[in-house]
Number of protein chains: 2
Amino acid sequence: MSAAPEGYDPHAFVPFAVTVDLAVFTVREARLHVLLVERGGEPYKGGWALPGGFILPRESAEEAARRELAEETGLTQDTVGGLHLEQLRTYTEPDRDPRMRVVSVAYAALLPDLPEPRGGGDAARARWWEARDLGDLAFDHGRILADAYDRVGAKFEYTCLATQFCPAEFTLGELQQVYETVWGVELDRPNFRRKVLATPGFVEAVEGPPRRTGGRGKPAALYRAGAAAALHPPLLRPEGRTG
Amino acid sequence: MSAAPEGYDPHAFVPFAVTVDLAVFTVREARLHVLLVERGGEPYKGGWALPGGFILPRESAEEAARRELAEETGLTQDTVGGLHLEQLRTYTEPDRDPRMRVVSVAYAALLPDLPEPRGGGDAARARWWEARDLGDLAFDHGRILADAYDRVGAKFEYTCLATQFCPAEFTLGELQQVYETVWGVELDRPNFRRKVLATPGFVEAVEGPPRRTGGRGKPAALYRAGAAAALHPPLLRPEGRTG
DNA sequence: GGAATAGTGTCTTTGAGACAATATATC
DNA sequence: GATATATTGTCTCAAAGACACTATTCC
């Protein structure tokens, strides 16, 4: 039987602490990176953890996540306000924090390549790590990160989320590299191009003749993210899907 | 700045109540139904709400969800233990409950057509409602239910979840009806059949010559759910996708 | 036989994947 | 010119969708 069969009985509820944890990804030099913070106190002192913190009394979880993201990256509230934050899952195992009962709402965020975290406060102890061959993380954050990675990879198949990893203007080669990095596969360039351009609203060409070079080949045309949110039909990964 | 910049400070956290809410679906007479409970107390007294309740001190959210599901449906713990519970999202708006700060972890569950909820306790005030043209629900449960419906529809595309709506042995016509009901579309029977049978592990034929009739046509062969969890490639909806 | 449902076969169109060929830049 | 990258074009194959046709039951 529930503790409050008639609905919510204010005397029956068990108090929990509720936090948000963020899996913040970026693609840097064709490798996936994750933002981690060093723990200053026990437990896991000196270890690395996902950025996050408590939800304040008058905040929703998403507001808390944006606030924490701004604190840890030094980005302005305005910039952070425009990003897509993906709520992943909520982690509730009774012993996931050894000190008390903590429930954590996990979010994933995708950022274009940024300079090292700057700004004061929490950002001081934050840095980017390459996502593969990370050591163990504090608490169940390794698990959260793995779930986040799976979700992002799956979402790439049927949403336009990948453009969030790119700067405001980007080439199709850069967008393709994002896909290849996140999925860990190589894609055929002509086919990728055809597919992206055939999807209305995925990307839109940047006007004038401005172009940009990635090295010493032919300069590529620039695009920006389009208005669409979903991919239609999906851009399927070469191999399997995630259930 | 976070309330606890050094990690979790047991003196800084704000206590929340944490509940689970369940969107329990079934298909009955080719129409989607949802399990709702009548509220016995304020607020929303006499209104209808999703089943759910507080997480107990030593429970995970999923354990709480299974416990509540067993209570509300009268199903045994064993039966409920074998079902797929899909964690949807966590709802955290500060004023979603007028009395106190309540965070709710929402789950979706799919059941084959069952008799009306039986058993004692909470089940007494629970009943199935047809999903379309429901009135307003208590709290933000209307929103939760809409999100649950979207998620289930999307999951049908690339998982074998639809078999959870069917009894242990079912015909392909019944399975197709489940898809048609959830998606609200008509599917071509020969194509559906070809697609399902071509997906390894989706369904497996039941041995002997036993067959079953749905009315007065030719009896259909029986199948049971296969071992696969994911559909490969996906079974896409005729129209659009959910972002 | 007629109606209803189950199941098979076939044709067409669409999209994915492989890959050749061309274009434009740097060195 | 050599090399590197971008872009276009073409061919093939697999899957989706439309739909005609056969099979088996109840009335």
Side-chain angles (χ1 to χ4, degrees), chain A residues 29-30 156-158 166 169-181 183 185-200 202-206 208-224 230-241, chain B residues 29-30 156-158 166 169-181 183 185-200 202-206 208-224 230-241:
Chain A
E29 291 161 12
F156 267 35
E157 294 194 309
Y158 55 94
C166 298
E169 299 190 340
F170 53 88
T171 69
L172 293 187
E174 289 163 352
L175 183 62
Q176 180 176 347
Q177 181 127 92
V178 165
Y179 269 95
E180 291 178 332
T181 300
W183 283 350
V185 297
E186 293 214 331
L187 301 175
D188 179 86
R189 189 192 300 263
N191 291 339
F192 180 82
R193 176 188 197 79
R194 172 161 42 94
K195 176 72 185 174
V196 169
L197 294 180
T199 304
F202 192 0
V203 299
E204 56 185 44
V206 169
R211 297 169 164 253
R212 193 170 72 177
T213 172
R216 59 187 174 294
K218 172 179 176 177
L222 287 176
Y223 297 83
R224 67 169 66 92
L231 248 43
H232 209 48
L235 180 50
L236 294 174
R237 263 179 286 203
E239 292 305 277
R241 297 188 54 117
Chain B
E29 291 162 13
F156 267 34
E157 294 194 311
Y158 55 94
C166 297
E169 300 191 339
F170 52 87
T171 69
L172 293 187
E174 290 164 350
L175 184 62
Q176 178 176 348
Q177 181 129 90
V178 165
Y179 269 94
E180 291 177 333
T181 300
W183 284 349
V185 297
E186 292 216 331
L187 301 175
D188 180 84
R189 188 193 299 262
N191 292 337
F192 180 82
R193 176 186 195 80
R194 170 160 42 93
K195 177 71 186 176
V196 168
L197 294 180
T199 304
F202 192 0
V203 300
E204 55 186 45
V206 170
R211 292 162 167 261
R212 192 171 73 178
T213 172
R216 59 187 172 296
K218 172 180 176 178
L222 288 176
Y223 296 83
R224 67 170 64 91
L231 247 44
H232 208 49
L235 181 49
L236 294 175
R237 260 179 288 202
E239 291 305 278
R241 297 187 56 115

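The model shown is predicted, which means the values in this text are computed figures rather than measured ones. Throughout, a chain's letter reflects where its sequence line sits, starting with A, and its residues are numbered from 1.
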Just how far is it from atom CZ of Phe156(A) to atom CG of Leu235(A), taken to the nearest 0.5 Å? 10.0 Å
Do you know the tightest heavy-atom contact between Cys166(A) and Val178(A)? SG-CG2, 4.0 Å
If I take atom CG in residue Leu235(A) and atom C1' in nucleotide dG17(C), what distance separates them, rounded to the nearest angstrom? 13 Å
Whole-Å distance, Leu231(B) CG to dA16(D) P, equals 10 Å
Tell me every residue that passes ring pair (Phe, Tyr, Trp, His ring centres under 6.0 Å) with Phe192(B), counting only those two or more places apart in sequence or in another chain. Tyr179(B)
Expressed in angstrom and rounded to an integer, what is the separation of Leu187(A) atom CG from dA18(C) atom C1'? 13 Å
From C-beta outward on Pro190(A), which listed nucleotide comes closest to its side chain: dG9(D), dA20(D), dA25(C)? dG9(D)
Under 4.0 Å between a side-chain N or O of Arg193(B) and OP1 or OP2 of dA6(C)? no
Would you kindly give the CD-to-C1' distance between Glu157(A) and dG15(C), to the nearest whole Å? 16 Å
Using whole Å, report how far CG of Leu197(B) lies from C1' of dA15(D). 15 Å
Closest-nucleotide ordering on DNA chain C, the 5'-leading residue of Gly173(B) and Asn191(B): Gly173(B)
Looking only at dA6(D), dT25(D), dA18(D), the nucleotide nearest the Pro219(B) side chain is dT25(D)
Arg194(B) has its side chain closest, among dT24(C), dA18(C), dA18(D), to dA18(D)
Leu187(A), Leu172(A), Asp188(A) screened by side-chain contact (heavy atoms from CB on, under 4.5 Å) with Arg193(A), the one that passes: Leu172(A)
Atom-pair distance (CG on Asp188(B); C1' on dA20(D)), nearest Å: 11 Å
Phosphate oxygens OP1/OP2 of dA16(C): is one of them under 4.0 Å from a side-chain N or O of Lys195(A)? yes
Could you go through the side chain to side chain contact (heavy atoms under 4.5 Å, CB included) check for Lys195(A) and Asn191(A) one step at a time? CA-CA 6 Å; Lys195(A) 176 72 185 174; Asn191(A) 291 339; over 6 Å; no
Just the rounded figure in Å: distance from P of dG17(D) to CG of Leu236(B). 7 Å
Within this structure, what is the NZ-to-P distance between Lys218(A) and dT24(C), rounded to whole angstrom? 6 Å
Quick one: is dT5(C) close enough that its OP1 or OP2 comes under 4.0 Å of any side-chain N or O from Arg189(B)? no
